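Since the structure comes first, as structure tokens, the remarks are kept for the end.
Predicted, not measured: the structure shown is a model, and the values here were computed from it. Numbering of ligands and ligand atoms starts at 1, following listing order.
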Amino acid sequence: MNKIFHPYTPFSAIEKGFLNIARGEGIYLFDDAGNKYVDIVSSWWAVALGHGHPKVVKAIQEQAAVLQHSITGSLTHPSVLALAERLAELMPTPDRHSVFASDGCSAVEAALKIAIQYWYNVGQPDKTWIIGMDQGYHGDSMGALGAGFVDDFHKPFERAVSHPAKLPFPIPTAEDPDGFLPSKAVIERHKNTLAAVIVEPLCLGSAGMKIYSAGYLKQLAYCCAENDVLLIIDEVAMGFGRTGKRFAFNHADIDPDIVCVGKALTAGYMPLSAAIVKDELYDTFSDAGETDHTFYHGNTFAGHPIGCAAALAALDIYEAEDTVERGAEMAEKMKDWMQPFAEMDCVKELRFLGMIGVVELKPETKPLIAKMKQSLFEQGYLFRPLGTMFYLMPPLIISDDELRGAVFALQQTIEEFC
Ligand code: PLP
């Protein structure tokens, strides 16, 4: 009897029944009957190094044998100290402190609260608004729903969260090639009440892999700085090589005030996330003056030792195995192999960003999507289409043959059904 309240799973899917995943190895998941499936969405975009990487597994085992849990409220431990140092070093400017949490949305919640409390700390308590991009996604907690809101998922909560304003998704024009001017107007209009802007860098993942330019991000960073608005970059989905650089914001050569990371931080092996905060902000959270500005926020598992050990191992591997550079090379190949999709009548658009390859089909294919997904499943590929859009977002360690096989399977399936 299945007693799980499954996330993002319609009851109709539960009635049909689904796989019981017994183990993972490389890019494959195996069910309890021994059948193998390509994890083409990297287990919700997290397992950048594939499943069962021995070095991450070893790091987890070694940490578990020494210290399983100890809080980071007024205490510390070696793994969390090392990881905070390491994350600071990965930023364009290393003067940073990290708030740790477990899931991406918890890192986002911390980032939103830090931004609001920062303005309170410096005597501007009216700056409490956070705005995100239209259809942006930052997780499913209530604060994250105020900053990001995907109509298809979040409708029941529309009246329960406040939406002061949104940045429109950038649409390039001849006069405004990055489509930034409408966003600039929103920021300038609300600057007196605006604490921060939060965006998914370069790609709105859950909204359907909608891609925008690095030029937009660069202008956004400049505009936020000009108008005394903090910039939070949510790298939970894009961070650690997905876009062909370590962080997606590196494409725009900017230095965000707060960066949120999760998912691939531990290569998906342990639940761990972080909000990496500039020291200009951090330094205002002091209790030295008349007012206590301590950040009274935390999660039980903040800086969990086993999570930190997994993250340190993953970061070592990304560096030692040139995972980011290798992913960028594979991305070029994927783009070439997917070009024939553009010739198909039912294809509306192809989109690419690093190791994300998107085939958006025309709206009339909607009734066929579930059948295509089922067919791909029977061929051993676990695709998760969003609307009429199929995307490949495989582990960055996928081989040429494996990736070419996945592209070919998708191509044949679309040809067969459309
Ligand atoms: N931010 C972004 C950009 C995401 O894509 C996600 C999850 O997909 C989150 C935040 C939330 O992360 P989590 O599901 O770990 O809470």
Side-chain angles (χ1 to χ4, degrees), residues 5-9 39-48 99-115 130-154 157 161 166-167 169 196-212 217 220 231-243 246-249 251 256 258-276 299-302 304 307 310-311 314 353-356 358 384-387 389 391 393:
F5 201 149
H6 286 272
Y8 285 95
T9 307
D39 187 0
I40 208 69
V41 298
S42 301
S43 290
W44 265 337
W45 318 343
V47 291
V99 171
F100 289 99
S102 312
D103 294 294
C105 70
S106 321
V108 166
E109 291 293 331
L112 305 181
K113 287 177 69 183
I114 288 164
I130 308 274
I131 61 176
M133 202 178 267
D134 185 31
Q135 304 305 308
Y137 181 81
H138 301 288
D140 289 327
S141 55
M142 293 300 271
L145 289 197
F149 196 88
V150 181
D151 292 341
D152 287 348
F153 307 153
H154 299 143
F157 310 100
V161 291
K166 285 278 180 264
L167 303 180
F169 184 79
V197 162
I198 179 167
V199 290
E200 293 171 79
L202 303 190
C203 178
L204 270 58
S206 301
M209 304 295 164
K210 293 170 74 182
I211 295 164
Y212 65 89
L217 214 48
L220 178 65
L231 178 60
I232 305 170
I233 295 289
D234 179 354
E235 290 274 354
V236 169
M238 297 296 132
F240 306 104
R242 179 56 60 188
T243 67
R246 181 183 286 129
F247 295 111
F249 75 76
H251 290 274
I258 306 179
V259 176
C260 298
V261 291
K263 295 191 190 268
L265 169 61
T266 64
Y269 285 46
M270 288 294 296
L272 188 82
S273 61
I276 312 165
N299 300 115
T300 305
F301 297 122
H304 191 272
L353 175 65
M355 277 293 267
I356 308 173
V358 180
R384 283 184 66 88
L386 287 164
M389 192 266 291
Y391 67 94
M393 207 158 153

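At the top of the distance list for atom 6 (C) of ligand 1, counting protein heavy atoms only, stands Tyr137 CE2, 3.5 Å. At the top of the distance list for atom 16 (O) of ligand 1, counting protein heavy atoms only, stands Cys105 N, 2.9 Å.
By the 3.5 Å distance cut-off applied to N or O atoms, Val236 is not counted among the residues near ligand 1. Considering backbone and side-chain N/O of Gly104, one or more are found under 3.5 Å from N/O of ligand 1.
Of all the atoms in ligand 1, the ones that sit under 4.0 Å from a non-hydrogen atom of Ala237 are 5 (O). Each of the atoms 1 (N), 2 (C), 3 (C), 10 (C) of ligand 1 lies under 4.0 Å from some heavy atom of Asp234.
Residue Trp45 touches ligand 1 through its side chain alone, judged by heavy-atom distances below 4.0 Å. Residue contacts with ligand 1, taken as heavy atom pairs separated by less than 4.0 Å, involve Lys263 solely via side-chain atoms from C-beta onward.
In plain terms, the two heavy atoms of Phe100 and Asn299 that are nearest each other are O-OD1, 4.4 Å. Among all heavy-atom pairs drawn from His138 and Ala144, the shortest one is O-CB, 3.4 Å. When all heavy atoms are compared, the tightest approach of Ala107 to Ala275 is O-CB, 3.7 Å. The minimum heavy-atom distance between Ala248 and Met238, with the atom names listed, is CB-CB, 3.9 Å. What you find for Phe247 and Gly239 is that their closest heavy atoms are CD2-CA, 3.9 Å.
In this structure, Leu204 CG and Tyr212 OH are separated by 6.5 Å, a value rounded to the nearest 0.5 Å.
Atom 14 (O) of ligand 1 is never approached by the protein to below 4.0 angstrom, counting heavy atoms only.
Within the cation-pi definition used here (under 6.0 Å to the ring centroid, within 45° of the axis), Lys210 qualifies as a partner of Phe169.
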